[in-house]
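To start, the structure itself, in structure tokens.
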Amino acid sequence: MAEPNGSWLSWCPRLRTLLLDLLLIYLSVPFLIRLFPVLLTKFVFLNFLSFPYFVDLRRPELLLNNTVSLYLDTEPGVTVGIWHTVPGSRGAEAQGKDQRWYEEALGDAHPVIIYLHGNGGSRAASHRIQFLKTMGAADFHVLALDYRGYGDSSGHPTESGFTTDVLALYDWAKARSGNSSILFWGHSLGTGIATNAARKLQEERGVQVDAVVLESPYTNIRDAAANIPLTKIYRQFPGFEYLILDSLALGNMFFRSDENVKVLACPLLILHAEDDAVLPPHLGHKLFEVAHSAYKDKTKVKFINFPKKLGLGHDYISFNPELPALVKDFLNMK
């Protein structure tokens, strides 16, 4: 029997070619990102992953009770899609009502949540539907926004554009809600969008949003990118920070929640699960420490940790039945 000649790879030329191709791709990606930082926006925003697929976002009643879809022009050429869920206590009354009734309902003194979702999918994702169910049943109005470029919203995603979308929705809701409280509730990527909008509202208009809730947050997008599972294979790569992390700024992506919370004065609630495998909880703790140090009134800042045994991970804090009570207690709501 003939002895093998050379390495075992010589017997598998196709496998060897595949491995060499994968190595070339692995080595090329960081340099391509540095040369074309716009590529990073595809990884950060993931708006092209419009899951769940084959859902008619114009018909939320197929997935949710007491909910209508509406569209808002946030600037010339940009129209965003929104779902409005009314408080559960008004569910029977909401049956068969049109959008005008829903708009008028915003002035019924129930608090209003502007919900800012994470970086993938649309407002119809299952965990977002659960959020609308949970907080709607707790007698909140919920306005769930698909930013520009997401879902059935027009335009292209940018950090500054997201802020424009949120503030346009805030103005729309404020004009209809009277003295009702309005909260920004951000999840994952949406936490940076929430603090951006709250800071701009405060600094440029002298107006404070009534509260900000940050679910599964991060300090800034650079720290987030350094910790998410997607970048794990590159963390030991020579030049990782220069080629990948520094390129986020070249792509005009910052989401500096750690800087934003230093100037906010509204109540700030941070929620993080111990078993978050996407954005590790130490980022939420660090953000809390920055805010707690900066706030003059320390009672306005709170961190709630959800134990690993609950299995809530990155996306499922809204599945915890105690969530509404925790939020209402912090906000001193009945």
Side-chain angles (χ1 to χ4, degrees), residues 7-53 116-122 125 127 146-151 153 155-163 186-193 196 216-259 275-284 286-287 313-315:
S7 71
W8 66 273
L9 283 176
S10 65
W11 296 91
C12 308
R14 291 183 180 178
L15 178 59
R16 179 172 58 185
T17 300
L18 175 62
L19 291 174
L20 288 173
D21 287 345
L22 290 174
L23 178 61
L24 180 62
I25 292 171
Y26 173 78
L27 294 173
S28 300
V29 166
F31 295 97
L32 288 172
I33 286 174
R34 184 68 188 187
L35 289 171
F36 307 102
V38 69
L39 293 173
L40 269 181
T41 64
K42 303 300 181 183
F43 291 102
V44 173
F45 297 141
L46 295 181
N47 60 307
F48 59 90
L49 297 178
S50 191
F51 57 84
Y53 303 102
L116 309 172
H117 65 61
N119 69 329
S122 70
H127 59 288
D146 267 329
Y147 323 109
R148 60 185 63 201
Y150 280 80
S153 299
H156 302 283
T158 65
E159 182 172 359
S160 61
F162 293 162
T163 302
H187 171 244
S188 194
L189 179 69
T191 61
I193 298 169
N196 278 347
S216 308
Y218 50 93
T219 46
N220 57 68
I221 201 66
R222 195 179 191 280
D223 286 351
N227 285 275
I228 60 172
L230 186 63
T231 60
K232 188 173 184 179
I233 61 172
Y234 283 108
R235 288 175 201 163
Q236 304 306 317
F237 190 92
F240 168 63
E241 292 193 9
Y242 172 77
L243 294 171
I244 296 180
L245 298 186
D246 291 351
S247 297
L248 289 161
L250 298 179
N252 293 313
M253 292 176 288
F254 303 94
F255 298 97
R256 298 187 180 104
S257 285
D258 51 352
E259 294 299 320
D275 58 337
D276 189 331
V278 178
L279 291 169
H282 73 79
L283 293 178
K286 184 177 179 181
L287 184 60
H314 184 67
D315 289 332

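Please read these numbers as outputs of a predicted model, since none were measured by experiment. When reading the values below, keep in mind they use all heavy atoms of this one structure, side chains included, and skip hydrogens, waters and symmetry mates.
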Closest non-hydrogen atom pair, [X] against [Y]:
{"X": "T219", "Y": "L287", "value": "CG2-N, 4.0 Å"}
{"X": "G121", "Y": "Y150", "value": "O-CD2, 3.3 Å"}
{"X": "R148", "Y": "F162", "value": "O-CE2, 3.8 Å"}
{"X": "T191", "Y": "S257", "value": "O-OG, 3.6 Å"}
{"X": "P37", "Y": "S247", "value": "CB-O, 3.6 Å"}
{"X": "P30", "Y": "L27", "value": "CD-O, 3.5 Å"}

Rounded to the nearest 0.5 Å, what separates atom [atom1] in [X] from atom [atom2] in [Y]?
{"X": "L24", "Y": "L19", "atom1": "CG", "atom2": "CG", "result": "12.5 Å"}
{"X": "T158", "Y": "Y147", "atom1": "OG1", "atom2": "OH", "result": "12.5 Å"}
{"X": "I33", "Y": "L39", "atom1": "CD1", "atom2": "CG", "result": "6.5 Å"}
{"X": "L248", "Y": "L40", "atom1": "CG", "atom2": "CG", "result": "5.0 Å"}
{"X": "L18", "Y": "L22", "atom1": "CG", "atom2": "CG", "result": "4.5 Å"}

pair [X]-[Y]: side-chain heavy atoms closer than 4.5 Å:
{"X": "D258", "Y": "Y218", "answer": "no"}
{"X": "L279", "Y": "S188", "answer": "yes"}
{"X": "F254", "Y": "E259", "answer": "no"}
{"X": "F43", "Y": "L230", "answer": "yes"}
{"X": "L46", "Y": "L189", "answer": "no"}
{"X": "T41", "Y": "H156", "answer": "no"}
{"X": "R222", "Y": "R256", "answer": "no"}
{"X": "H282", "Y": "N227", "answer": "yes"}

### Heavy-atom donor-acceptor pair, R34 side chain to Y242 backbone, under 3.5 Å
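Yes.
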### Within the 6.0 Å centroid threshold, strictly below: F237 and F240
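Centroid separation for F237 and F240: 6.0 Å or greater.
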### Task
Verify side chain to side chain contact (heavy atoms under 4.5 Å, CB included) between D223 and K286, making sure each step is shown before the conclusion.
CA-CA 11 Å; D223 286 351; K286 184 177 179 181; 3.9 Å; yes
### Task
Evaluate the ring planes of H187 and H127, with Trp represented by its six-membered ring, and classify them as parallel (under 30°), tilted (30 to 60°) or perpendicular (over 60°).
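Perpendicular.
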### Message
Name the residue from L245, V29, L243 that meets the side chain to side chain contact (heavy atoms under 4.5 Å, CB included) definition with Y234.
### Response
V29
### Message
Among N47, D146, L49, exactly one meets side chain to side chain contact (heavy atoms under 4.5 Å, CB included) together with S122. Which residue is that?
### Response
D146
